[in-house]
Student: 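Before anything else, here's the structure in question.
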Amino acid sequence: MIDVNKLLAQLLYNPSDPVLFNSAFFFYFFAVFLLCYLAVSRSQQGRVWVYTIFSLYFFYKACGFYVGLVVLSAIVDFNLSRWIYNTTSHQVKKSLLIFSIILNIGLLFYFKYTDFFIGIINDVTNGHITPLHLLLPIGISFYTFENLSYTIDVYRGEIKPVNRFMDYLFFLSFFPKLMMGPIVRAADFIPQIHQPYRLNGEDIGKGMALIVGGLFKKIVISDFIYQNFVQYIFDDPSKHTGLECLLGVYGYALVIYCDFSGYSDMAIGIARWTGFKIPANFDSPYQSSSITEFWRRWHISLSSWLRDYLYIPLGGNRKGKVRQYINLALTMLIGGFWHGASWNFIFWGGLHGAALAIDKVRIDSQKKRKTEMSGFGAGLMKVGGVLLTFHFVCFCWIFFKAATFHDAWSLIHQIVYDFQPGILMELYNGYTAVFWVMILGFVLHFLPAKAELKMAGVLGRMPLAGSIAIMVIFIWLLVQVKSTQPMIPIYFQF
């Protein structure tokens, strides 16, 4: 006998149980979606309608009636972009673009930063303005950036606006990337809507490798390390020795990478299975030998968005070296603020901005001196660069993760003044499984890219029954190690 009330409770939005790629609900949702999608796969408009309806429902399950904001954003920017494209007056074009930017940024600002600035006003004026305590609509930072890039690209004449509203709503609401990215450009995505749906062995293999790998990163590595070690360290660093704090920071570096890149990989894999190719969002960032390289490999869609729509409009490198360094620092400062309404994020962005500017000075100096090392010396420099970059990034992660500045400095204080290396074996005995998972995570991270390609190739050559069997076995294994409490992805809050 079916319990209708229980079934309805599962189908309706529940704030304490948002739908995630690694939730049981998602597997049923995705199975039903695939059946419907395949049923209309020969009709381009059928695919658009089915995908959009399921995407909007997925978003409703994640954040309730905030789904209306996505539809409203789509209506506004669909029409504004068409007016920008059709008008012959440059002044009108510019005014419409400015209106679009104000509207999109205003919406983001209202939900994300209102309380932050109310707090500043209260601090400065000794005022008592009551914070609004608004709930942040999930994914608003990501679809706001997609809206902005779309209208800006139309204004620049780089793309033509879409003719059908449903095509634009489909692009904006595409559920694999709606809540946590990657940030997808309309110029890359919309042409794929009109292509026939064809799936080959490479798509199946690559998609499966991304989904399986993403789930492994998220559940087996990130969630396990966080729940069993990292959260204890960051909850109150003053209670732990410097060695524990240092290992906690290394652990968090792995947690945030596996959490976000795992979710991105799943999004890209799911998109691939449904006929859409989304560019990679991560490229083994801890292998970087400089901070400049790190930002080419970390959250690639955000880095390239900030470069194209903020750094270059600010002047980029066209207005002299000093101005370029300022533009780099300013871009990262704003990038930090994009992550959240907190001085911690601003400081984190400022640190990266300063490091990028200093690294740019180094690169320019090397170019002037025309000195290039080779052989053993170059290898040594490369290893040194990787270690230095990794530790600088870890240092910045402390401020990104810590709840307050006090907590961040408390953790640093423990590492500097209370290291206690003698407790290493005692620590190992207490967290043996965690440390082995950490070692596994870093070893996998430093594997060459061709190992991943080989795995995708093997999966792609398997018969369909074999692929399904692997997927079922893998999901069963994940259920065995999955925690009972849902682990909300870190970038869910952004």
Side-chain angles (χ1 to χ4, degrees), residues 11 19 21 26 28-63 65-86 138-140 142-151 153-154 158-200 203-204 207 210-211 266-279 301:
L11 295 175
V19 63
F21 286 167
F26 180 74
Y28 296 111
F29 166 87
F30 190 57
V32 176
F33 159 73
L34 265 186
L35 286 174
C36 296
Y37 189 68
L38 291 173
V40 299
S41 60
R42 292 187 179 180
S43 161
Q44 188 251 321
Q45 276 304 294
R47 294 197 305 273
V48 168
W49 274 91
V50 166
Y51 223 131
T52 306
I53 289 168
F54 273 84
S55 292
L56 292 176
Y57 174 68
F58 180 82
F59 197 52
Y60 161 75
K61 272 290 289 176
C63 62
F65 290 103
Y66 274 145
V67 67
L69 280 178
V70 178
V71 180
L72 186 64
S73 298
I75 292 170
V76 170
D77 283 274
F78 170 77
N79 287 297
L80 281 175
S81 63
R82 290 175 64 80
W83 294 339
I84 289 171
Y85 183 77
N86 290 325
I138 292 165
I140 188 169
F142 293 98
Y143 64 77
T144 296
F145 274 24
E146 288 175 347
N147 263 327
L148 285 171
S149 62
Y150 178 70
T151 48
D153 286 351
V154 170
E158 293 176 0
I159 59 170
K160 283 176 66 178
V162 293
N163 292 319
R164 286 190 290 252
F165 171 70
M166 279 304 293
D167 287 354
Y168 190 65
L169 181 60
F170 171 42
F171 156 67
L172 206 63
S173 65
F174 188 70
F175 78 82
K177 54 79 183 169
L178 180 61
M179 295 193 299
M180 284 188 292
I183 300 165
V184 178
R185 310 279 182 94
D188 296 328
F189 185 87
I190 287 174
Q192 298 186 59
I193 297 175
H194 308 291
Q195 294 173 358
Y197 177 52
R198 294 195 187 97
L199 207 60
N200 57 33
D203 293 323
I204 294 172
L210 285 163
I211 294 169
M266 283 186 270
I268 296 167
I270 289 167
R272 186 84 181 235
W273 272 2
T274 55
F276 292 88
K277 291 180 180 171
I278 297 177
S301 62

Student: Using the ring centroid of each side chain, check whether Y37 and F30 are separated by less than 6.0 Å.
Tutor: no
Student: Evaluate side chain to side chain contact (heavy atoms under 4.5 Å, CB included) for D167 paired with I190, printing each intermediate quantity in order.
Tutor: CA-CA 8 Å; D167 287 354; I190 287 174; 5.6 Å; no
Student: Walk me through whether F174 and T52 qualify under side chain to side chain contact (heavy atoms under 4.5 Å, CB included).
Tutor: CA-CA 7 Å; F174 188 70; T52 306; over 6 Å; no
Student: Rounded to the nearest 0.5 Å, what separates atom CD1 in I159 from atom OG1 in T151?
Tutor: 9.0 Å
Student: Please say whether the positively charged group of K177, taken as NZ for Lys or CZ for Arg, lies over the ring of F59, i.e. under 6.0 angstrom from the six-membered ring centre and within 45 degrees of the axis.
Tutor: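 So K177 doesn't make the cation-pi contact.
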Student: Would you call H194 and V162 a side-chain contact if the rule is heavy atoms closer than 4.5 Å?
Tutor: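 Result no, sub-4.5 Å side-chain heavy-atom pair not found.
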Student: Counting C-beta onward and ignoring hydrogens, is there a side-chain heavy-atom pair between L56 and L169 closer than 4.5 Å?
Tutor: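 Side-chain contact under 4.5 Å: yes.
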Student: To check you understand the geometry: which heavy-atom pair defines the closest contact between A267 and P176, and what is its length?
Tutor: CB-O, 3.0 Å
Student: If you take all heavy atoms of I138 and Y143, which pair is closest and at what distance?
Tutor: O-CE2, 4.0 Å
Student: Supply the atom-to-atom distance L178 CG to F171 CZ, rounded to the nearest 0.5 angstrom.
Tutor: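 Here the interatomic distance stands at 11.0 Å.
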Student: Given side chains that start at C-beta, do those of R164 and Q45 come closer than 4.5 Å, heavy atoms only?
Tutor: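 Touching, per the 4.5 Å side-chain cut-off.
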Student: How about F165: does its CZ atom have over 12 heavy atoms from other parts shown lying under 6.0 Å from it?
Tutor: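 Yes, because the 6.0 Å sphere around CZ of F165 holds more than 12 heavy atoms from other groups.
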Student: Can you confirm whether V184 sits close enough to F142 that some side-chain heavy atom of one is under 4.5 Å from a side-chain heavy atom of the other?
Tutor: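 Not touching, per the 4.5 Å side-chain cut-off.
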Student: How far apart are the C-alpha atoms of Q44 and I193, what are their side-chain angles, what is the distance that settles it, and do they pass the side chain to side chain contact (heavy atoms under 4.5 Å, CB included) test?
Tutor: CA-CA 7 Å; Q44 188 251 321; I193 297 175; 3.2 Å; yes
Student: At their closest point, which heavy atom of T274 faces which heavy atom of Y51, and how far apart are they?
Tutor: OG1-OH, 2.7 Å
Student: Please confirm whether the ring centroid of F29 lies under 6.0 Å from the ring centroid of F175.
Tutor: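 Yes, ring centres under 6.0 Å apart.
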Student: For a side chain to side chain contact (heavy atoms under 4.5 Å, CB included) check, start with the C-alpha distance between L11 and Y57, then their side-chain angles and the critical distance, and finish with the verdict.
Tutor: CA-CA 10 Å; L11 295 175; Y57 174 68; 3.7 Å; yes
Student: Verify the neighbour count for atom OH of Y60: are there more than 12 heavy atoms of other residues, nucleotides or ligands below 6.0 Å?
Tutor: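 It does: Y60 OH has more than 12 such atoms within range.
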Student: Among I53, V70, V67, exactly one meets side chain to side chain contact (heavy atoms under 4.5 Å, CB included) together with S173. Which residue is that?
Tutor: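 Only one option passes, and that is V70.
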Student: What are the two closest heavy atoms between D203 and K277, and how far apart are they?
Tutor: OD1-CE, 4.0 Å
Student: Here's a test for you: under side chain to side chain contact (heavy atoms under 4.5 Å, CB included), which of I270, I268, I183 qualifies with I278?
Tutor: I268
Student: Please round to the nearest 0.5 Å and tell me the distance separating atom OH of Y168 and atom CG of N163.
Tutor: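 Output value for this atom pair is 14.5 Å.
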Student: Please give me the minimum heavy-atom distance between P182 and E146, naming the atom from each residue.
Tutor: O-OE2, 3.8 Å
Student: Kindly compute the distance separating OH (Y150) from CD1 (I84), expressed to the nearest 0.5 Å.
Tutor: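 Result: 9.5 Å between the selected atoms.
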Student: To the nearest 0.5 Å, what is the distance between CZ (F58) and SG (C63)?
Tutor: 10.0 Å
Student: So how far is it from F78 CZ to L172 CG, rounded to the nearest 0.5 Å?
Tutor: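 The CZ atom of F78 sits 12.5 Å away from the CG atom of L172.
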Student: Grab the two heavy atoms, one from Q192 and one from G275, that are nearest each other, plus how far apart they are.
Tutor: OE1-O, 3.9 Å
